[in-house]
Structure formats: C-alpha cells, structure tokens
Amino acid sequence: MRENFQNIDGKKLEIVHEIKSAYDEGKISLEEARKALKDRVQHLAPYEIAIIEQEMVEETEDECIKEDIQAMLEVFQDVLVTKDQELPENHPISCYRRENAKMKELLLSVEDLVQYPLIKNQWLELYEDLLKFKIHLSRKQNQLYPVLEKKGFTRPTTTMWTLDDFIRDEISECYNLLLEDKEEEFIGKQAELVADVRDLMDKEENILYPTSLEMINEEEFRYMAEGDREIGFAYISVQADKSNNSASASSSVSASTSGAPLSGLSSAPGFAEELAGLLGKYGFNNKEEKLNVTTGQLTLDQINLIYQHMPVDFSYVDENELVCFYTDTKHRVFPRSKNVIGRDVKNCHPKASVHIVEEIIKKFRSGEQDKAEFWINKPDLFIYIVYYAVRDEKGKFRGVLEMMQDCTHIRSLQGSQTLLTWEQQEKGEGKETAEDEDKREDSETSEDVGNKENAGTLGDEENRESTESLTAGKLTEITEDTLLKDILEADPNVKTLLFRLSDRFKALNTPLARIMMPKATVKMMSERAEVDLNTLLRELREYFKL
C-alpha cells in the first residue's frame, strides 16, 4: 500500500501506533495521548491512519464491528490534517458526500421525532428514506473498495464492509420493528442507530474519502463514475458525463442486498475489445479472424454475441480465486458493477458469507465436491444458482464457474409442447417482446442473493387501492395513486415512454420487478426514478390521451 504514496515516514507511523495502542489499553489518558502525539508527531494525514490500520494493527478473528470513530478522532484531533479539495459535483467522492449530507438531515429528523408520541405514518415515511442509504453502501462495496483493494488497501475496506452491513441491517431491523408495531423497542433503538450511522460517516469523511483521493487517479475515478451510475444513487440526481466516450449510463433503483456465495461480479468494458487486446499480443489483430475454439471456429464478434445472448448468466473465478469474467447479458438476474474484474473473490463479500465462499473453493480444489446449488424461492420468482468446479483434461482445478438463471417461467410450464407455437411467448407470464428484451437493464446489486428485504423498497409500501377506473383494459384516469401494474396492463409498451424519461425505469425489465410492481404507484415511481411527479403525470396522461 505504501507504494501509492511518496515520502512515507515509517518511524512516525510506528510512534502513532505505539501512542494509540497505549491509549486503547488504558495505559495513558486522552490528554496524555494528545500531548504525546502533538510533541512527537505534530501532523498526521488521513491516509497515514489508513496505513497504520492496514499494516500495523494486528488482525484478529473478532474484528471490531462498531469501531468508535468519533473517539478515535478525539485522540487525533490536534494532529490530524485534512484539506478541503474542490471536486466537480458529479465526482464519485462528491456523490458520496452529497448523500451523507442528506443522511445527516434524516438523522436530525429522527432525533426530532423521537421526542414526541409515535405516529406510525410519520416514521414510515422517514424510514423509507433511511432505507435508501443502502444504495450508498452498495456503491462503496462494489465500486470504491475494489479500486482501493487493487492498490493494497484491503484491511480497512474489509472492516468497513462489515460496518456497512451492520448499518444496513440495523436500519432494516428498526424498520421491521416499526412494521410489527413494537413501538417501545423501536424507539429504544433510535439513539443507537443515529450514533452508529454518524460514526460510519465520520470514518468515510475523515479517513476513507481523503485516502481515496490520494490513492485513486482521475482516470480511475472517471471509469468508476460509469459503474456508479449503473448501481444508482441515494437521494441525489447524477447526470451522465457527456464529455468523454464513456459507456451509456444505465442506473438502478434498488438498494444493496447481500448475496449468494461467489455472486457479486461486476461489469467491465466491452468483452470483445478486452479479448481483442489480449489476443493482439499473440498475433490476432483482426476481429473477423476465425479463432479455433474447442469445437469449431468463431470470430471475436461472434464470441461476444454468443455470450451476450446466453439465456443464463455465467461468471468465472480462476484457480487463483480472482474474478476473471462474466457474461454481459441484458437479461441479467442481478446487475454487475465495474472494477471487480481481477479482484480476490473473497473480497467481493461481507465477512458473514466469506466462510461459505472459502468452503466451496476448498472442496472444489481438493476434488471432494464438483457442484454447489442455491436457489431463491419467492412468490412469482424462482432464481436458480449453481457453481461448478472447472478442471482441465488432467483433472487439475482451474477455477469456479457460476451459473444463474431466472427459472420462474420454466417452473410454471405444465404438460408437453412438441409443436411450434408462439402463443406461449406472447401470453406467457413474465415474457417480453424482442424490443423490450433489447432494452433490459439491471437494477439490483448482488451481495446478498438470499436476503431480499429491499428488492427495491417499492415492496415495502403498505397496500394501496388505486383510485383510477379501468374499462376494458383502458385507463380512464391517472393520479399519483394509480398503480404501475394497471398502467402496464393497459399498455405494456408504455415502458418505452418511461425509459425515455429515466434510465432508472429500466429496472422494470428485471425479474425482481415482479415483486415490486403490484404495489408501486405513480408517486413512488416518481420518487424512485427521480422524475418530477407532475412531469410524470403529464407524460402518462398524454400517452394515454386522458
């Protein structure tokens, strides 16, 4: 990690670690620790604290989940030097800071409401906003952490991932207590939640972000920004950067979830271009040149097209446990985020699931097992996930292949069909037109395939009765309470309009949208897609000529 910085004073870092350890162990007081730091160190940069945590703090099995960052900053307050750096509004670090600013406002609202008798609807509205912070956490885990880890910054990000998940689960736990009308227990947890979230944001703003700005260059941030838009943002609106030739910015409405073992691979630049660059080193310079594959010959373009049209999602981790590849299909069950290619697969997951990853790889490597299955079974949704050990012709372990598929339609099939008919595709539940399929984009992150408590927070709303009337499948009125499912039933092609209004509506083409859609109203659509409510109503009414 040190190679990313110039003029690192190793002796200075040892002194800081020595003083901080003495204070943590109760050998010296806070005043004595501050004085010692002032006398012997004078100045300390945020990235130097990160280096100490990375290199000098002994790793233990029981890493501290809720590190008291504010207490740590109290020790360093006289010597810690931070510099305010002017950044563009849509810079990845600016986006994190803007989201934190909104979260701080929400926490003030928590502290205000907790003083009064509980009114459930007020708290539900507030917690629907708090839940969106999961998108912020997901973007860090899938975008920022991988870049830092490639530069040797692994311990702090792993610890922060644990803290991120703790905060995510703490918010969900409080929300569930509210839904279950456990008012006393819910109110009793609010002060701790506020303290924990502020502690996390303090570490982000005082250590993580300044260190990131020191370690990550502008080109890497530009590349990161593209993947950020794929995952989406909490509370803020971010426009695509049209000043360069970056990939088009697709985005997502959903918040972060944690996932099945080995899931969580990310999207990368065009596969054909990367493969062409690699093969170019070995004399293959023409995309139209035929390559000898195991059972035939294909051009690079053909290889790319085949992978893009796979009916299932594939991803591959090599024998060194590094993420190497995924199929960039438009129907992906879960989205991929940039920067994970080349990353240790264990660092793609929170600590709570790393042991499962390790067990799968260990048993595959030893030859004890060759296959591991998982599945998600929810109403109107069945996702099948399977992992295979990849071995060469001599039986040597060469990695792990993951296959993931939305099998909801397959499970619904009955009887036999031996004659060609298009009826199933036209009327089958969950099927789309070719035009719709071409527009599909992803909306979910893939950290926790098994925990879908926020499969888009659209599903967390109470059931609402729609106020519009329907006659022969036609809408006669559209209001903010009109249900999305009724709009789509009236005319499925209205998706084209929604996609034009916001890329975030492309989440409608994911399998998990079937969970969210029945309860989503126009007002909720406006909030999730960050489209002005009046604009959305006007466009929908014009579309349906109401």
Side-chain angles (χ1 to χ4, degrees), residues 65-70 95-114 118-142 159-205 208 231-236 252-259 350-353 444-448 450-462 515-516 524 527-528:
I65 293 178
K66 290 170 62 180
E67 182 179 0
D68 191 344
I69 305 303
Q70 293 174 351
C95 293
Y96 288 122
R97 288 173 172 164
R98 289 164 59 198
E99 289 171 327
N100 278 357
K102 177 60 178 179
M103 173 54 86
K104 290 172 185 177
E105 294 177 7
L106 296 174
L107 296 180
L108 290 175
S109 297
V110 171
E111 292 177 320
D112 180 52
L113 271 185
V114 81
L118 188 146
I119 299 175
K120 187 172 181 179
N121 284 343
Q122 289 179 330
W123 280 104
L124 283 173
E125 183 177 352
L126 179 54
Y127 259 82
E128 285 162 10
D129 278 336
L130 290 170
L131 286 166
K132 296 174 185 175
F133 196 61
K134 297 176 182 181
I135 306 174
H136 171 98
L137 302 176
S138 174
R139 221 170 53 255
K140 278 199 307 175
Q141 293 174 345
N142 286 279
T159 303
M160 278 205 74
W161 191 315
T162 303
L163 183 56
D164 291 342
D165 283 350
F166 181 89
I167 296 298
R168 180 203 66 200
D169 294 343
E170 192 173 18
I171 294 173
S172 294
E173 180 186 357
C174 288
Y175 183 67
N176 289 331
L177 289 173
L178 182 63
L179 293 177
E180 295 165 7
D181 295 321
K182 297 180 179 179
E183 296 182 3
E184 186 175 343
E185 190 175 352
F186 169 78
I187 292 297
K189 288 185 174 293
Q190 298 312 297
E192 184 177 9
L193 172 69
V194 169
D196 290 342
V197 177
R198 282 179 176 155
D199 208 54
L200 171 67
M201 291 190 295
D202 279 342
K203 185 166 188 178
E204 288 179 350
E205 294 171 5
L208 180 65
I231 293 175
F233 301 89
Y235 317 124
I236 65 173
S252 152
V253 181
S254 65
S256 166
T257 54
S258 298
K351 286 189 175 181
S353 61
E444 280 253 318
T445 56
S446 55
E447 265 90 49
D448 192 348
N451 183 3
K452 287 295 167 206
E453 79 278 3
N454 64 311
T457 51
L458 299 180
D460 293 331
E461 296 283 345
E462 294 180 351
I515 293 176
M516 303 184 289
M524 293 160 57
E527 294 169 351
R528 300 317 192 261

Is any side-chain heavy atom of [X] closer than 4.5 Å to a side-chain heavy atom of [Y]?
X	Y	answer
K120	L178	yes
K140	M160	yes
E99	K132	no
R139	F233	yes
D199	D196	no
L124	L179	yes

> If you take all heavy atoms of L193 and C174, which pair is closest and at what distance?
Replying inline: CD2-SG, 4.3 Å
> Is the number of heavy atoms from other residues, nucleotides or ligands under 6.0 Å of E184 CD greater than 12?
Replying inline: no
>> If you count every heavy atom of other residues, nucleotides or ligands that lies below 6.0 Å from E111 atom CD, does the total exceed 12?
In response: yes
Could you check whether any side-chain N or O of [X] sits under 3.5 Å from a backbone N or O of [Y], counting only pairs where one atom can act as donor and the other as acceptor?
X	Y	value
Y175	L130	no
Q190	F186	yes
N176	S172	yes

> Would you call K102 and D129 a salt bridge, taking side-chain N to carboxylate O under 4.0 Å as the test?
Replying inline: no
>> Do the side chains of K104 and E205 get close enough for a salt bridge, i.e. N-O under 4.0 angstrom?
In response: yes
To the nearest 0.5 angstrom, please state how far the [atom1] atom of [X] sits from the [atom2] atom of [Y].
X	Y	atom1	atom2	answer
D202	N100	CG	CG	9.5 Å
D164	E204	CG	CD	6.5 Å
M201	L107	CE	CG	5.0 Å
M103	L200	CE	CG	9.0 Å
I231	L137	CD1	CG	11.5 Å
Y235	L106	OH	CG	5.0 Å

> Out of Q141, H136, K134, E173, which residue meets the side-chain contact (heavy atoms from CB on, under 4.5 Å) rule with R168?
Replying inline: K134
> Between E170 and K189, does a side chain to side chain contact (heavy atoms under 4.5 Å, CB included) hold up when you go through it step by step?
Replying inline: CA-CA 9 Å; E170 192 173 18; K189 288 185 174 293; over 6 Å; no
> For the residue pair W123 and Y127, does the interplanar ring angle fall in the parallel (under 30°), tilted (30 to 60°) or perpendicular (over 60°) class?
Replying inline: tilted
